[in-house]
Structures are given as C-alpha cells and as structure tokens.
Amino acid sequence: MTLLHLVALAAACLHLCFTPAPAFAASLHDDVARVDAERIDQDAQWIALLHYRARRDGSLESEADSPQFFMAGQGKQSPRAELLAAVAALHAPEERQGLACRFPARYEWLRARLGHDDPDSALDGCPALSAWLAGFPGRQASIVFASSYLESPSSTFGHTFLRIVRQSGNELLSPTINYAARTEARDGDLAFVSKGLFGGFPGVADELPFYRRLRTYTEIEGRDLHDYALALEPGEVRRLLLHTWETKDGIFDYYFLDENCAYRTLALIDVARPRAGLLRRFHAVTVPVDTIRTLRAAGLLGEHRVWPSVPKTVRGLEAELAAPDAAAASRIALGQADVATTDGLAPQRQAKLLRLAYEYGSVLIDRDQGDRVQRKEILGAITRARLAQPAPAGAPGLGPAFTPEDGHDGGLVAIGALRRGGRGLLNLEYAAFEHTLADPLPGYEPHAAITLLHPSVELGDGKLRLREVDWLTVQSAIPSSTLFAPQAWRVQLRTARRQYADGEHMATSLAYHAGKAWQLGGNLVFSVLPGASIDTGSGLPHRAALAGVLRNSLGYQASAWSLQLDMVTEKYIAGSRLRRQALQANAMLRLSRNLALTIGAAQRQSPRREGELLVSLRWRQRSLRLPWEPD
C-alpha cells in the first residue's frame with residue numbers, strides 16, 4: 001500500500017468519525033407505535049390544541065363546532081383518531097403541506113413530540129400564514145381587561161382580549177386579538193340575546209392595532225382598560241399565534257355565558273401553557289374577571305397598567321373645580337365662549353379650567369358630537385392658551401386605585417336571622433352573580449349593580465318556603481354633572497311572595513325605570529327613577545296588572561362599607577286598584593374581600609303594614625358556581 005493510499009484511507013476514517021449522521025426520518029409505522037407506547041393522544045398539549053373537555057361519563061369531546069377543525073371523521077370524540085390522522089398526513093407528501101398550512105400549531109408540536117429533526121420547510125410554503133404572522137412583530141403578550149359596560153348585554157361583566165407587544169416602535173401600534181360573536185345587522189335586540197345565549201353566532205377572532213381598541217373602549221364607551229403582562233416564553237407566544245390562525249374563523253359557536261370572549265382568550269393561553277390547567281374551574285359560565293383571577297393564581301400575570309376611561313378622567317377634573325368654572329369650561333369647549341374669557345383668572349385656576357375644557361372637547365370629538373372641524377379649531381385655541389400657562393397642581397391620577405381582581409367574587413351564599421311580623425326565621429340566599437349598590441366598591445364600577453339568579457328561602461316552624469327569586473336586576477345610577485347628563489335606569493325581573501287583599505301569593509313582575517341621579521357630595525348619590533311594572537300572579541283579579549312605580553334612592557358606596565336607602569311607591573293603573581309603599585335600608589360592612597356583614601330593615605304597606613329586620617353573613621364564591629360544585 002502506497003503512502004497515497006494510506007492518506008486516503010485516513011481521510012475516509014476521519015470523515016466517518018466526525019461527519020454528523022443524517023437526521024433520522026421515522027416511518028409511519030414507527031410513529032404510530034410511538035403514539036401508542038407513549039399515549040401521546042393523552043398529552044396535555046394535544047388535548048389543549050384540540051380543545052377536548054371531559055364529559056359527565058368520563059369520555060372526551062372537543063368544544064370545536066366546525067367539522068373543518070378535524071382531520072378524522074371521529075376526531076371530535078376521539079383524540080387518538082385525530083392524532084393518527086395528523087401522523088398519517090405527516091408521512092403523505094400530498095397532505096403534509098396542507099397540514100402545515102391549515103394547522104401550523106399542531107404541525108410544529110407534533111414534529112417535535114415525535115422527534116422529527118430532519119430539515120423541514122413546510123411552513124415556509126404557506127404564504128397566507130406567513131403574511132398573517134408578519135402582522136404580529138412581537139414575542140411577548142399581555143391580556144387586557146375592559147371594565148363592564150351596562151349598555152351592551154354581551155359586555156355586562158366586562159371583556160378581555162390579547163395584545164401582542166411590539167418589540168420596538170410605538171406600543172399603540174401593537175396588534176391585538178379579540179374574540180367576539182360575528183353578529184348580523186338585521187338582528188333585533190331579542191334575536192341578539194337569544195342567539196347569544198344559545199350559540200347562534202359563530203365566534204371569530206379579529207385583529208386590530210391597539211390604538212383602535214383604546215379609542216373604542218376608553219374614549220367612546222368610557223371604560224377602563226387594565227393591561228396585564230403575560231409570563232409566556234417567546235415560543236409559547238408563537239404557539240398561541242399559530243393556534244389563533246387555526247381557530248379564528250368560526251371554529252367555535254359563541255355563547256354569552258360560557259364560551260365567550262373571556263373563555264376563548266383563556267383557551268388560547270391554555271394552548272400556550274397547557275400544564276397550568278387554566279380551564280379546569282370553568283364549566284357552566286365564564287365571567288371575564290374570574291379568568292384574570294385564574295391567571296393571577298397560576299402565576300402568569302406580570303406588570304399591571306391602566307389605560308383610564310377618558311370620560312372618567314374628565315369627571316375627575318370636573319370634581320376639582322367649582323361649578324362656575326366647570327360651566328365656563330363647558331361653554332369654551334362647546335364654542336359658546338372664547339378662551340380669552342379666562343384671562344383674568346389666577347394662573348393655576350385658569351390652567352385647570354383650560355385643561356378641563358380641552359379634555360371635554362376631546363370627548364365631544366370622540367363621540368362625534370358637533371361639527372368636527374369647528375371642534376378641532378376650538379381645541380387648537382385652547383392648546384395655544386395652555387402653552388402659556390403653568391401645569392395645574394394636583395391633577396387626578398391615571399387610573400383607579402383597585403384592580404378588577406381586588407373585587408369580591410361574584411357568587412353569593414348567605415345565612416341570616418330574619419324577623420318579620422313578630423316571627424323569627426332563618427333566611428338562606430344564593431346568587432349566581434350579585435353586586436348591588438349596597439356592596440363596597442373595590443374592584444367594581446361605581447354606581448352600577450348586577451344581580452343574576454338570586455333565590456332566597458326562609459325556614460320557620462319546621463317549614464322551608466321560597467321567599468323570592470331575583471332572576472335579573474341591572475341598574476346604572478351614574479350621577480349627572482355640569483358636563484355629562486347620563487340617564488339613570490333600572491330593569492328587574494323577579495318572582496316573590498307579595499301581599500294582596502285576600503292574602504299572600506307568589507307573583508312575577510318585570511319592571512323598568514328611567515330617571516336621573518345626582519352626586520350630593522363625596523360618595524353620596526341621590527336618584528329618582530319613575531317607571532312601570534307588569535305583574536302576573538294568582539293574587540290579581542285578572543291574573544295580570546300594570547302598575548306605575550316611583551323609586552327614590554339615596555346611596556353611599558365606599559371601600560369598607562356602604563349604605564342604601566330606598567323609598568318605593570307602587571300604584572296599579574290597570575288590572576287592580578292596589579297601592580303599595582315600602583321604605584327599606586341596607587347597610588353592609590366589608591370584613592374581607594369575600595366576607596361581609598349586612599343589616600337590612602324594611603317597613604311595607606301592601607296593603608297591611610309589615611316590618612322586617614334581617615341580619616346576615618354573606619360569603620362570596622366564584623361567579624355562577626353552584627354551592628355543591630367543586631371550586
């Protein structure tokens with residue numbers, strides 16, 4: 001053997017020893033065997049990607065409603081069948097590209113889980129997906145909670161959406177992902193509520209820059225936005241985005257009570273971090289603030305920021321000024337007075353007045369009230385005047401002192417001692433959700449009340465009887481001011497025991513009130529709400545009657561305690577000649593976030609006079625949870 005042959009042989013040995021072996025490409029048979037051996041179909045990530053939930057009989061079923069979400073005929077009920085269909089597609093050249101482009105989150109995870117480390121460019125061959133992902137130039141995410149909005153049934157309990165944080169540039173340009181119902185303009189209010197309750201709308205995820213959401217929520221609707229950084233890794237954010245692509249176009253039906261914006265947003269985070277088990281506690285109903293509490297308990301929430309409601313900010317500025325100055329600011333913003341009319345004021349007073357005029361003028365523009373060009377000219381004149389003035393001292397803060405999760409849980413269980421007509425009774429209550437004007441404020445919107453499914457029963461003389469069921473009560477008592485004059489209103493549907501000429505009967509009533517509320521100072525609010533009530537029950541001569549109702553209320557809400565006084569006068573105008581009057585007072589002392597002591601007293605004339613005193617201990621639990629359901 002020559003020297004040349006020895007050198008060649010040595011080179012060949014070095015090549016064999018130090019050149020990496022080609023990536024192993026598993027066969028379909030190998031992958032199927034691995035699926036069965038490792039029970040990959042039961043992997044938490046696969047369960048999350050396909051949205052399987054346990055049924056009462058222990059079997060699994062996907063929450064996805066569109067057949068297009070599944071590759072196998074039995075995929076909705078069988079995680080294994082769906083997984084094997086995906087594995088087969090990985091090994092079929094004609095199906096592989098379709099799997100990557102339609103289900104990129106499944107594709108990436110499945111390749112990694114099966115150990116496929118061979119070079120792959122399937123995702124690069126998805127131009128529509130690549131263009132969509134290019135609109136999300138960020139590797140961090142946050143969840144945004146919008147406070148409740150009583151004017152819209154679907155937003156009564158608040159709303160959540162995701163923000164993908166831009167790595168550089170203006171954060172207001174950060175893209176957002178918002179899950180909502182795709183509604184139709186021709187749907188009336190009844191159809192809207194009916195379809196929302198029973199899944200008549202497809203759920204879709206839309207993407208808008210954050211500044212658009214900010215304008216809608218904080219400026220037009222007047223809602224606070226609470227922005228929480230999510231403790232997700234960049235790879236988890238990518239998985240969240242890829243899965244959004246898979247589910248954004250009507251894969252799920254939308255339900256107001258359970259599979260709503262908050263639930264679907266939480267489900268996306270659950271796909272990113274399935275081991276956190278975020279969805280375990282949500283079954284029948286999902287309240288947005290409960291999803292925030294769940295994320296906090298799982299350690300997934302980081303820095304908290306508030307984007308305050310613009311009208312609330314204006315109200316805060318107005319509260320700092322005397323009524324004549326607030327009126328002057330209003331006239332300037334409306335173009336009824338010139339900026340020069342403030343020249344004789346002290347500098348600090350003038351600066352505050354002009355700031356209020358500017359902010360109020362901005363609200364008018366946001367709400368398209370008046371001529372837009374004229375409004376902008378007025379703002380320009382105010383700005384020029386403000387540039388020559390010192391900054392006002394003591395400006396209001398940038399947001400509420402409490403976060404949404406600081407508020408009490410929405411559900412209620414209460415036990416109390418009741419005395420009525422000389423008899424002592426035990427009073428038991430449950431509420432699926434309740435926040436009244438007599439509840440302490442932290443974490444809730446002031447001057448707003450919501451009650452859903454609130455039965456109360458009483459036990460006495462060895463008998464248990466139903467006292468009343470408050471099916472639904474929604475009330476807004478935002479006080480009027482110099483700049484704003486919102487309508488105060490109240491709607492209630494309830495069934496209760498009521499006094500009639502021949503004794504006590506159960507009756508169901510639907511009442512609506514509309515009027516005004518005024519702030520008397522501090523947290524003290526007075527409201528006058530005239531209205532009408534339609535009653536049905538066996539105690540009425542014709543089983544139905546129409547009554548006129550006047551409700552006057554005086555309420556005080558604070559962080560530690562609250563007080564509510566109500567005087568209600570009711571006179572039937574059709575179907576009966578009965579007249580009722582009631583004077584009632586309720587005080588509540590907050591002992592902890594979820595525990596309160598209440599004292600209530602009432603005097604009624606309906607038609608006979610009757611007094612009542614109730615002392616109860618009220619324990620808050622997860623919203624819309626049954627007392628026997630595990631938390």
Side-chain angles (χ1 to χ4, degrees), residues 147-153 155-158 221-224 309 311-316 318-319 323 326 400 402 404 407-408 410 412 431 433-452 454 470-494 509-533 548-570 582-588 590 596 598 600 602:
S147 60
S148 62
Y149 185 52
L150 297 184
E151 305 301 324
S152 172
S155 297
T156 300
F157 298 104
E221 296 182 358
R223 303 162 71 177
D224 293 323
S309 155
K312 286 183 185 176
T313 300
V314 174
R315 284 178 176 273
E318 182 184 4
F402 297 96
H408 61 74
L412 169 72
F433 188 96
E434 184 199 60
H435 177 75
T436 71
L437 296 181
D439 280 303
L441 271 178
Y444 284 85
E445 291 294 298
H447 320 302
I450 307 170
T451 298
L452 180 65
H454 180 188
D470 189 347
W471 301 102
L472 175 69
T473 298
V474 183
Q475 181 169 352
S476 175
I478 300 174
S480 297
S481 68
T482 303
L483 303 183
F484 300 99
Q487 184 181 71
W489 56 270
R490 186 176 193 268
V491 62
Q492 182 180 44
L493 174 64
R494 74 165 185 158
S509 62
L510 174 62
Y512 178 77
H513 304 77
K516 290 289 182 182
W518 298 269
Q519 197 147 11
L520 303 183
N523 294 328
L524 193 63
V525 175
F526 175 68
S527 63
V528 177
L529 298 177
S533 174
V549 186
L550 178 62
R551 188 180 194 92
N552 300 320
S553 301
L554 181 67
Y556 178 86
Q557 271 186 304
S559 298
W561 66 279
S562 294
L563 176 68
Q564 181 76 12
L565 303 175
D566 296 296
M567 184 172 68
V568 183
T569 301
E570 183 179 11
L583 179 64
Q584 49 199 36
N586 289 283
M588 185 175 298
R590 188 188 196 203
T598 65

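Note that these values count all heavy atoms, side chains included, but never hydrogens, waters or copies made by symmetry. We number each residue from 1, following the sequence as shown.
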Asker: Mind checking whether His435 and Tyr444 have parallel, tilted or perpendicular rings, split at 30° and 60°?
Answerer: parallel
Asker: What distance do Asp439 atom CG and Arg590 atom CZ have between them, rounded to the nearest 0.5 Å?
Answerer: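 Taking CG in Asp439 and CZ in Arg590, the distance rounds to 10.0 Å.
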Asker: With a 4.5 Å cut-off on side-chain heavy atoms, are Val314 and Leu483 touching?
Answerer: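 Touching, per the 4.5 Å side-chain cut-off.
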Asker: Are any non-hydrogen side-chain atoms of Ile478 and Arg315 less than 4.5 angstrom apart?
Answerer: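 Touching, per the 4.5 Å side-chain cut-off.
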Asker: Tell me, do Arg551 and Asp566 make a side-chain contact under 4.5 Å, heavy atoms counted?
Answerer: yes
Asker: Check step by step if side-chain contact (heavy atoms from CB on, under 4.5 Å) holds for Thr451 and Val474.
Answerer: CA-CA 7 Å; Thr451 298; Val474 183; over 6 Å; no
Asker: Please report, to 0.1 Å, the donor-acceptor pairs under 3.5 Å made by any side chain of residues 517-527, with sequence neighbours excluded.
Answerer:
{"unit_1": "Gln519", "atom_1": "NE2", "unit_2": "Gly522", "atom_2": "O", "d": "2.5"}
{"unit_1": "Asn523", "atom_1": "ND2", "unit_2": "Gln557", "atom_2": "O", "d": "3.1"}

Asker: Taking everything shown except Trp561 itself, do over 12 heavy atoms lie less than 6.0 Å from its CH2?
Answerer: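 Buried by this count: over 12 neighbours within 6.0 Å.
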Asker: Okay, side chain of Glu318, backbone of Thr482: is any donor-acceptor separation there less than 3.5 Å?
Answerer: yes
Asker: Let's go through Ser147 and Asp224 carefully: what are the C-alpha distance in whole Å and the side-chain angles of both, what is the deciding distance for side-chain hydrogen bond (donor to acceptor under 3.5 Å, both in side chains) to 0.1 Å, and is it a yes or a no?
Answerer: CA-CA 6 Å; Ser147 60; Asp224 293 323; 4.8 Å; no
Asker: If you apply the rule side-chain contact (heavy atoms from CB on, under 4.5 Å), what do you find for Arg490 with Thr473, and how did you get there?
Answerer: CA-CA 7 Å; Arg490 186 176 193 268; Thr473 298; 3.9 Å; yes
Asker: If I compare all heavy atoms of Asn586 with all of Gly600, which pair ends up nearest, and what's the gap?
Answerer: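 Here Asn586 and Gly600 meet closest at OD1-CA, 3.5 Å.
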Asker: If you compare all heavy atoms of Gly515 against all heavy atoms of Pro530, which two are closest, and at what distance to 0.1 Å?
Answerer: CA-CD, 4.2 Å
Asker: With a 4.5 Å heavy-atom cut-off, do Ser309 and Arg223 have their side chains touching?
Answerer: no
Asker: What pairs with Thr569 under side-chain hydrogen bond (donor to acceptor under 3.5 Å, both in side chains), at least two apart in sequence or on another chain?
Answerer: none
Asker: Salt bridge check: are Glu445 and Lys312 linked by an N-O gap of less than 4.0 Å?
Answerer: yes
Asker: State, with a plain yes or no, whether a side-chain heavy atom of Phe433 is found less than 4.5 Å away from one of Leu412.
Answerer: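 No - every pair of side-chain heavy atoms lies 4.5 Å or more apart.
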Asker: Quick check: does any side chain N or O of Lys516 sit under 3.5 Å from a backbone N or O of Ala485, one acting as donor and the other as acceptor?
Answerer: yes
Asker: Hey, could you give me the OG/CG distance between Ser562 and Leu437, rounded to the nearest 0.5 Å?
Answerer: 9.0 Å
Asker: Measure the spacing between CG of Leu565 and CG of Leu583 and express it to the nearest 0.5 Å.
Answerer: 7.5 Å
Asker: Is there side-chain contact between Gln564 and Thr436, with at least one heavy-atom pair below 4.5 Å?
Answerer: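 No, side chains not in contact.
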Asker: May I ask you to test the Pro486-Ser480 pair for a side-chain heavy-atom distance under 4.5 Å?
Answerer: yes
Asker: Do the side chains of Gln492 and Leu510 get nearer than 4.5 Å, heavy atoms only?
Answerer: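 With C-beta onward as the side chain, the pair stays apart.
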Asker: Taking all atoms of both residues into account, what is the closest heavy-atom pair of Arg494 and Asp470, and its distance?
Answerer: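 Nearest heavy atoms, Arg494 then Asp470: CB-CA, 3.9 Å.
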